[in-house]
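Quick notes on the structure that follows.
If you read the sequence from its start, that first residue is 1, and numbering goes on from there. Note: hydrogens, waters and symmetry copies are ignored here, and every other heavy atom, side chains too, is used.
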Amino acid sequence: MKIILKNGDELELSAGATAFAAAQAVSDGLARAAVAARINGKLCDLSAPLSEGDSLEIVTMKDPDGLQVYRHTCAHVLAQALKTVYPTCKLAIGPVIDNGYYYDVDFKTPITMEDFAKVEAEMKKIIKSNLPIERFTLPRNEAIALMSKFSETYKVELIRDLPEDEEISFYKQGAFTDLCRGPHLPSTGKIKAFKLVSIAGAYWRGDEKKKMLTRIYGTAFAKKEEMDEYFAMLEEAKKRDHIKLGKEMKLFALLGEGKGFPFFLPNGMILKNTLVDFWREIHCREGYVEVQTPVILNRSLWETSGHWDHYKNNMYTTQIDGEDCAVKPMNCPGGMLVYKTSPHSYKDFPIRMGELGLVHRHEKSGQLHGLMRVRCFTQDDAHIFMLPEQITEEIKGVVRIIDEVYKLFGFKYHVELSTRPENSMGSDEDWEKATGALKSALDELKLPYSVNEGDGAFYGPKIDFHLEDSIKRTWQCGTIQLDFQMPQRFDLEYVGEDGQKHRPIMIHRVVFGSIERFIGILIEHYAGKFPVWLAPEQIKVLPVTDRAAEYAEQLVSQFKALGLRASADLRKEKIGRKILDAELEKVPYKLVVGDKEVEEGTVSVRRRGEGDIGAMPKADFFALVKEENDSKKVF
């Protein structure tokens, strides 16, 4: 029989050959690296048989799916070890998650992280045994009987709840068998590096009325070096935690009186307003106009936009004068109304309309996290109304802005195209046009991208920008959404060159995404050590003597006249203490001034991270910092 490889080549194999046999036929190296296969687009075990004409892709650890299969198998090794060490425990579920996996377990006697050593020791034995992992299926009644035999009551419940037509599969490794869809590695010996990391409680099936189980978290990597790097990154992330640094640097407060609603303190407002000023500067240059729309709008608007049907559970609602209203979770419906306040001609396009809009979303309390997940935030929104022939150029213009902004902060990024979700509105034709337009723009820009099937907005496909911070974590921030639906739902029109009425096309886009979240990312990216132009306090003047105190205050006044942010530490403290405190506050520049500096009109400069860089005339230092601030340098 013949199968089709990923590169389009045909491979001839004997009838009934497996995916692993195909990998061997290609090369011994590929067979050694193989962990799973995609057969006709479906992720499968390497033992899966092939049929005439199948398309085949061998999955290795270089593929994200390969790492998921690897970690899923490690979750099964954990389960087998737990059943060996604690024979009376009952297994629930063990899925793969970001950076690892977990297993929910019902123990007769509670365990703690101190017990991890003996569990890990048993896992190492299972891995060293290199047990073959075999898949088999059973009819529903036999599957229930098998799990009942092992007293796995949670597995029995899962089987009973499976759809009638679903195949019920199991995986066996040595004496251990687990209910699972798979796929898995061919054997346990393929696992090279793993670690159990934490323990928590979790209600069975997320229902607080059901039993609390023990959730054991673990991770696994292809190499020990990769795992060591991961844990080093976690330690570094703890030091950079934006909640901790935000409190230490007096940027924001998270108070019980407003859970999910952050309070910005004076230093935080300087940082936030600096970002807003930068946003306005760029958008003014790029031909955007700025608008502001109301925070509360009536139900009929949200019904027209589709949010009442598709997003109501995330909205805060109220009644005003007996009329149902909602606090806006998004700015776009208000932007539609602004468009409709004036008639438009084809000559007006493109119309680029920006809004720094305050939006509210009802997030669950357990999902709230500092500035990263809040219930109230400022979106740096913009809506571009345009002619069909302007789509590509406008998308390219937005990409150029996003690229400029991310590079300024020192971020790398990758791009993802998200396609039509299940819960969407609009015709197949509109979705095909919109998705095709985004693909065309990305192709013209020669911008590499991956496709995230089914993750678009309910009204249109989108391009997402995932930026990488200084410790290689990724964050989804910028978005470009192409929308054929909102203009139809709001009956937007313009008069074309032919004198007839037509429907405009629109783009929704953000650069920062949420300004609050972007600030959280920046805090962690820079570890609070902001470049001069962003730092809430740019210069701290530290007088050594009483005579120098007056000079310090004069310097501060001169800095402020130049638009720089400075203060003097006039406390009766030793200079070493003042320097240390300014370092802890992460001020970019510290100026030590004594009688000598007063007489010579100089400043002794200490730069954050470098220490003493010497004395210089105060005018030279003014010019140095002013240039760094105005050019937005990032070191």
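For the pairing with Glu166, the salt bridge (charged side-chain N to carboxylate O under 4.0 Å, His left out) check across Arg140, Arg160, Arg181 returns one residue only, Arg181. Remark: of the listed residues Leu179, Leu213, Leu158, Leu158 is the sole one forming a side chain to side chain contact (heavy atoms under 4.5 Å, CB included) with Ile93. Between Asp106 and the options Arg215, Lys211, Lys90, Lys210, a salt bridge (charged side-chain N to carboxylate O under 4.0 Å, His left out) holds for only Lys211.
Minimum heavy-atom separation, Asp483 to Ile505: O-CG2, 4.2 Å. Between Gly53 and Ile4, the shortest heavy-atom contact is O-CG1, 4.2 Å. Summarising the geometry of Tyr101 relative to Arg71, their closest heavy-atom pair is CD2-O, 3.6 Å, with the distance given to 0.1 Å. The two atoms that bring Tyr217 and Ala200 nearest to each other are CE1-CB, 4.1 Å, heavy atoms only. Contact detail for Ala37 and Ala19: the closest heavy-atom pair is CB-CB, 3.6 Å. Closest non-hydrogen pair, Asp9 versus Asn7, comes out as N-OD1, 2.9 Å.
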Exercise for review: May I have the step-by-step check of side-chain hydrogen bond (donor to acceptor under 3.5 Å, both in side chains) for Thr219 and Asn99, ending in yes or no?
Suggested key: CA-CA 6 Å; Thr219 193; Asn99 299 315; over 6 Å; no
**Study point:** CA sep, side-chain torsions, deciding dist, call: Leu417, Asn452, side-chain contact (heavy atoms from CB on, under 4.5 Å)
**Key:** CA-CA 6 Å; Leu417 174 65; Asn452 188 2; over 6 Å; no
Exercise for review: Go through the steps to decide whether Tyr103 and Asp178 satisfy the test side-chain hydrogen bond (donor to acceptor under 3.5 Å, both in side chains), and finish with yes or no.
Suggested key: CA-CA 12 Å; Tyr103 219 112; Asp178 202 356; 2.6 Å; yes
Practice item. Check step by step if side-chain hydrogen bond (donor to acceptor under 3.5 Å, both in side chains) holds for Glu416 and His466. Key: CA-CA 8 Å; Glu416 196 173 75; His466 298 260; 3.3 Å; yes
Practice item. Carefully, step by step, assess Phe20 and Asp45 under the rule side-chain contact (heavy atoms from CB on, under 4.5 Å). Key: CA-CA 9 Å; Phe20 182 69; Asp45 298 300; over 6 Å; no
**Study point:** From CA spacing to verdict: side-chain hydrogen bond (donor to acceptor under 3.5 Å, both in side chains), Trp204, Glu157
**Key:** CA-CA 11 Å; Trp204 170 231; Glu157 183 178 330; 3.2 Å; yes
Point to revise | side-chain contact (heavy atoms from CB on, under 4.5 Å) between Lys83 and Phe176, worked out | key: CA-CA 8 Å; Lys83 291 295 289 186; Phe176 175 72; 4.0 Å; yes
Check your understanding: Going through the checks in order, is the side-chain contact (heavy atoms from CB on, under 4.5 Å) test met by Met233 and Lys472?
Key -> CA-CA 8 Å; Met233 183 274 290; Lys472 301 190 182 303; 6.0 Å; no
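In this structure, Arg375 contributes its side chain and Arg361 its backbone to no donor-acceptor pair below 3.5 Å. Judged by distance alone, the side chain of Glu120 and the main-chain N or O of Leu196 form a donor-acceptor pair under 3.5 Å. A donor-acceptor contact shorter than 3.5 Å is absent between the side chain of Ser129 and the backbone of Leu131.
Heavy-atom contacts from other residues, nucleotides or ligands closer than 6.0 Å to NZ of Lys172 number more than 12. Counting non-hydrogen atoms of neighbouring residues, nucleotides and ligands closer than 6.0 angstrom, the NZ atom of Lys125 reaches no more than 12 such neighbours.
Using a 4.0 Å cut-off between charged nitrogen and carboxylate oxygen, Arg473 and Glu468 do not count as a salt-bridge pair. Using a cut-off of 4.0 Å between Lys/Arg side-chain N and Asp/Glu carboxylate O, Lys462 and Asp464 are scored as salt-bridged. By the 4.0 Å N-to-carboxylate-O rule, Lys2 lies too far from Glu52 to be salt-bridged with it.
Atom CD1 of residue Ile159 and atom CD1 of residue Ile144 lie 6.0 Å apart, to the nearest 0.5 angstrom. Going from atom OG1 of Thr84 over to atom CD1 of Ile126 covers 5.0 Å, rounded to the nearest 0.5 Å. The OH atom of Tyr203 lies 9.5 Å from the CG atom of Asp207; values are rounded to the nearest 0.5 Å. Taking NE2 of His362 as the reference point, atom NZ of Lys312 lies at 13.0 Å (rounded to 0.5 Å). Residue Asp381 holds its CG atom at 11.0 Å from OG of Ser514, rounded to the nearest 0.5 Å. Remark: Glu142 CD to Thr137 OG1 distance equals 9.5 Å, nearest 0.5 Å.
Between the side chains of Ser470 and Arg240, at least one donor N or O sits under 3.5 Å from an acceptor N or O. In summary, the side chains of Tyr154 and Asp104 do not present any donor paired with an acceptor at a separation below 3.5 Å, with no hydrogens or angles considered. One side chain, Thr419 or Glu453, offers a donor N or O that lies under 3.5 Å from an acceptor on the other.
Screening residues 24-39 for side-chain hydrogen bond (donor to acceptor under 3.5 Å, both in side chains) gives Arg38-Glu57, Arg38-Asp63, Arg38-Asp65 as the qualifying pairs, with residues at least two apart or on separate chains.
Checked against the 6.0 Å centroid threshold, His242 and His525 do not count as a close aromatic pair.
Using cut-offs of 30° and 60° on the angle between ring planes, the pair Phe411 and Phe409 is tilted. Relative orientation of the Phe136 and Phe170 rings is parallel, given thresholds of 30° and 60° on the angle between their planes. Ring geometry for Phe518 against Phe512 counts as tilted: the plane angle lies between 30° and 60°, on a 0 to 90° scale.
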